[in-house]
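The block underneath contains the structure these notes are about, expressed in structure tokens.
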Amino acid sequence: LRGAGAVDDDLLDSVEEVLILADIGVEATTRIMDAVRTDVRRKKIKSPGELREILKNHIAELLGRFNVRLQVGEARPHVIMVVGVNGVGKTTTIAKLAHRFKEEGKSVVLAAADTFRAGAIEQLTIWATRVGAEIVKHQAGADPAAVAYDALRAAKARNADVLIIDTAGRLHTKVNLMEELKKIRRVISRELDGAPHETLLVLDATTGQNALSQAKTFHQATEITGVVLTKLDGTAKGGIIISIVNLLNLPIKLIGIGERLHDLRDFRTDLFAEALFG
Amino acid sequence: TLTDRLDGVFRRLTRRGKLTEDNIQEALREVRMALLEADVNYKVVKEFISRVREQAVGEAVMKSLSPSQQVIKVVHDELVRLMGERATDVVRAKKPPTVVLLVGLQGSGKTTTAGKLALLYRETKRCSPLLVAADIYRPAAVDQLVTIGKQIKVPVFEKGTQHDPVDIAREGVSFGRDRGFDPVIVDTAGRLHIDSDLMEELRRIRTAVSPHEILLVADAMTGQDAVNMASQFNEELDLTGVILTKMDGDARGGAALSIREVTAKPIKFVGMGEKLEPLEPFHPERMASRILG
Ligand SMILES: Nc1nc2c(ncn2[C@@H]2O[C@H](COP(=O)(O)OP(=O)(O)OP(=O)(O)O)[C@@H](O)[C@H]2O)c(=O)[nH]1
Ligand SMILES: Nc1nc2c(ncn2[C@@H]2O[C@H](COP(=O)(O)OP(=O)(O)OP(=O)(O)O)[C@@H](O)[C@H]2O)c(=O)[nH]1
Ligand SMILES: [Mg+2]
Ligand SMILES: [Mg+2]
């Protein structure tokens with residue numbers, strides 16, 4: 001698309017290939033390619049450079065032209081619940097978020113509500129120390145809702161600005177685990193009106209089409225207010241978010257680009273569209 | 001389902017009896033879409049479809065199968081053939097200990113799988129596994145493996161987080177050899193295939209401990225990127241096999257075909273849950289049906 005070649009069927013085929021390889025998915029790719037082919041005919045697009053602009057525009061269109069930032073409202077504490085399937089980067093993202101809030105001068109409490117996985121509480125404890133956040137935890141095997149409840153009580157008592165609740169990874173297909181998530185949510189909403197103010201779904205950029213069903217199911221179970229797309233420092237493009245934004249109306253708020261505390265960025269549609277075409 | 005879509009195709013096309021170039025074309029378009037939706041890699045799908053087209057054209061439709069069933073049979077059989085053999089057994093070194101190295105991207109399930117693999121060895125071979133904690137980077141990674149070891153009553157060799165992972169791996173294997181443990185399973189830190197320093201670390205670990213098994217632990221829900229990471233890990237380390245994790249989810253698992261195609265290495269086991277239970281053997285026919293949806 002940077003060359004001086006012709007805008008012919010071969011080029012359009014390789015564009016389709018790039019979209020599929022980016023995990024955009026068959027349906028969304030077909031829609032984008034139909035719109036692009038119409039534009040190419042109507043506007044008589046001659047150069048690959050122009051085609052590139054058309055593509056980026058269509059993608060930006062599907063992603064919603066505005067960027068939705070992570071906001072912290074008036075509530076004290078502002079409660080953020082973090083959910084997602086196993087291994088996507090929830091705990092690490094929470095550490096990065098806590099770090100960001102601390103840099104902004106906010107006080108942060110973390111809830112170690114993953115009481116199931118080996119080493120989960122220890123992992124979050126180390127991060128809490130590194131970022132200077134308080135952590136509320138129980139013993140392994142404790143009721144996650146009880147931990148979340150205690151953390152909220154503690155955050156209120158200390159007048160903390162932000163409470164972030166770490167939950168165990170869970171496959172969206174496990175009904176009992178999705179029920180557990182609903183229970184955590186119920187317990188904290190009873191303790192603080194409006195809580196959780198933010199429920200972030202963490203998705204791994206290396207995941208393929210399954211990310212869409214993850215988003216659908218988690219959204220049904222626990223009203224997602226934003227998505228974090230992690231591991232974009234790899235070679236995967238995370239194109240599935242185009243369908244997630246377009247079909248489910250969920251905003252992508254943040255991206256993870258590494259394993260360190262400062263490896264968190266606001267999602268930007270223009271940069272995302274740019275990265276798709278290398 | 002794919003069957004419904006193919007039925008629709010063959011209803012529209014009037015020629016019955018033989019599978020011809022024409023009606024095959026449309027049917028294979030549906031198959032191609034199904035495979036892409038299942039996360040099979042674009043290029044792998046392209047080659048797969050052209051191979052299947054050759055096999056399907058001219059095939060007389062069997063009396064007992066509808067044209068769609070016939071196409072599915074050709075596709076399914078070719079998928080099964082590509083998936084490789086059903087897993088036979090765990091690898092045992094002639095001269096113990098068997099050294100197993102687990103590698104892969106961040107969060108794919110290596111540490112959990114190390115525990116499951118230890119259980120599989122112990123239950124099928126009645127041997128004494130040793131786990132080695134060579135991830136010094138992820139916070140509490142060592143604690144995680146130590147906790148897993150306690151839960152399944154398998155000893156864990158660890159040296160905290162202040163030693164070079166290569167030394168930890170080497171000393172862990174020596175320790176295992178001296179005390180008669182077999183296998184010695186080395187858990188490593190998750191890493192990107194494009195991180196040259198960390199890939200070099202894996203090569204150094206490999207040189208230091210001469211593994212009998214180098215297993216890529218890959219997430220069943222991986223998308224198109226599966227070929228990039230699998231081919232890179234394979235080129236750098238010459239894998240002996242692959243373990244697919246999180247197969248208890250509803251991901252179609254097309255990554256299995258992509259990884260198999262691009263590495264030519266066997267998929268040996270699958271992880272079917274978070275609990276510490278033995279790994280299950282890989283079933284090529286079940287994987288083929290799952291991918292086709
Ligand atoms: N390269 C890269 N690795 C990441 C990123 N985010 C998280 N990771 C790594 O992914 C792995 C899993 O991260 P966790 O934070 O433990 O993931 P999780 O979702 O909390 O996992 P579970 O609680 O087990 O479900 C770790 O090795 C992290 O360092 C990212 O943006 N880029
Ligand atoms: N449902 C399910 N979860 C799994 C499976 N295997 C591992 N997990 C979960 O996936 C998450 C990540 O597992 P880990 O073993 O920490 O992954 P890892 O590859 O060691 O992660 P890093 O060391 O950070 O690269 C944990 O929540 C595990 O419980 C599986 O087969 N099914
Ligand atoms: Mg976690
Ligand atoms: Mg690990």
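Note that this is a predicted model, so its numbers are computed, not measured. Letters A, B, ... mirror the listed sequences (proteins, then strands); counts begin at 1.
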Checklist line | With Pro139(B), the side chain to side chain contact (heavy atoms under 4.5 Å, CB included) member among Thr129(A), Ile126(A), Thr91(A) | finding: Ile126(A)

Check: If you take all heavy atoms of Asp23(A) and Asp225(B), which pair is closest and at what distance?
Finding: OD2-N, 4.4 Å

Check: What heavy-atom pair brings Leu21(A) and Tyr42(B) nearest, and what distance separates the two atoms?
Finding: CD2-CB, 3.7 Å

Next item on the list: Might you point out which heavy atoms bring Ala140(B) and Gly119(A) nearest each other, and give the distance in Å?
Entry: CB-O, 3.9 Å

Note to self: Side chains of Gln106(B) and Glu259(A): any donor to acceptor distance under 3.5 Å?
What the structure shows: yes

Note to self: Taking every non-hydrogen pair under 4.5 Å, which of Gly254(B), Gly223(B), Ala226(B) racks up the most with chain A?
What the structure shows: Gly223(B)

Check: Do you know which of Asp39(B), Asp195(B), Asp143(B) has the most heavy-atom pairs with chain A at a distance under 4.5 angstrom?
Finding: Asp39(B)

Next item on the list: Go through Thr207(A), Thr235(A), Asp204(A), Thr173(A) and name the one with the most non-hydrogen pairs under 4.5 angstrom from chain B.
Entry: Thr235(A)

Next item on the list: Can you tell which part of Arg252(B) gets under 4.5 Å to a heavy atom of chain A, answering side chain, backbone, both or neither?
Entry: neither

Margin query: Could you check whether any side-chain heavy atom of Lys43(B) comes within less than 4.5 Å of a side-chain heavy atom of Glu17(A), counting everything from C-beta outward?
Written below: yes

Next item on the list: Select one option (side chain, backbone, both, neither) describing which atoms of Asn228(B) are under 4.5 Å from chain A's heavy atoms.
Entry: side chain

Item checked: Partner chain A: residue of Glu37(B), Met229(B), Arg138(B), Met33(B) with the largest heavy-atom pair count (under 4.5 Å) -> Arg138(B)

Margin query: Is Leu145(B) in contact with chain A via its backbone, its side chain, both, or neither, using a 4.5 Å heavy-atom distance?
Written below: neither

Item checked: Side chain / backbone / both / neither for Asp248(B) at chain A, heavy atoms under 4.5 Å -> both

Notebook entry, point to check: Is it the backbone or the side chain of Glu27(A) that comes under 4.5 Å from a heavy atom of chain B, or both, or neither?
Noted result: neither

Note to self: Which atoms of Leu212(A) are under 4.5 Å from chain B, going by heavy atoms: the side chain, the backbone, both sets, or neither?
What the structure shows: neither

Check: Do you know which of Ala38(B), Ala255(B), Gly107(B) has the most heavy-atom pairs under 4.5 Å to chain A?
Finding: Gly107(B)

Checklist line | Contact summary for Glu274(B) and Gly169(A), nearest pair of heavy atoms | finding: OE2-O, 3.7 Å

Checklist line | Side-chain touch Leu171(A)/Met221(B), heavy atoms, less than 4.5 angstrom | finding: yes

Item checked: Within 6.0 Å of NZ in Lys275(B), more than 12 heavy atoms from elsewhere -> no

Note to self: At a 4.5 Å cut-off on heavy atoms, which part of Val88(A) comes close to chain B: side chain, backbone, both, or neither?
What the structure shows: neither

Note to self: Looking only at heavy atoms and a cut-off of under 4.5 Å, which of Thr147(B), Leu36(B), Asp250(B), Leu192(B) has the most pairs with chain A?
What the structure shows: Asp250(B)

Check: Counting only heavy atoms not in Asp9(A), do more than 12 sit closer than 6.0 Å to its CG atom?
Finding: no

Check: Heavy-atom distance under 4.5 Å to chain B: side chain of Ser213(A), backbone, both or neither?
Finding: side chain

Margin query: Are more than 12 heavy atoms, taken from residues, nucleotides or ligands other than Arg260(A), located less than 6.0 Å from that residue's CZ atom?
Written below: no

Check: Of all of His172(A), Arg117(A), Lys174(A), which one pairs up most often with chain B through heavy atoms under 4.5 Å apart?
Finding: Arg117(A)

Note to self: Looking at Arg31(A), I'd like to know if its CZ atom is crowded, meaning that more than 12 non-hydrogen atoms belonging to other residues, nucleotides or ligands lie closer than 6.0 Å.
What the structure shows: yes

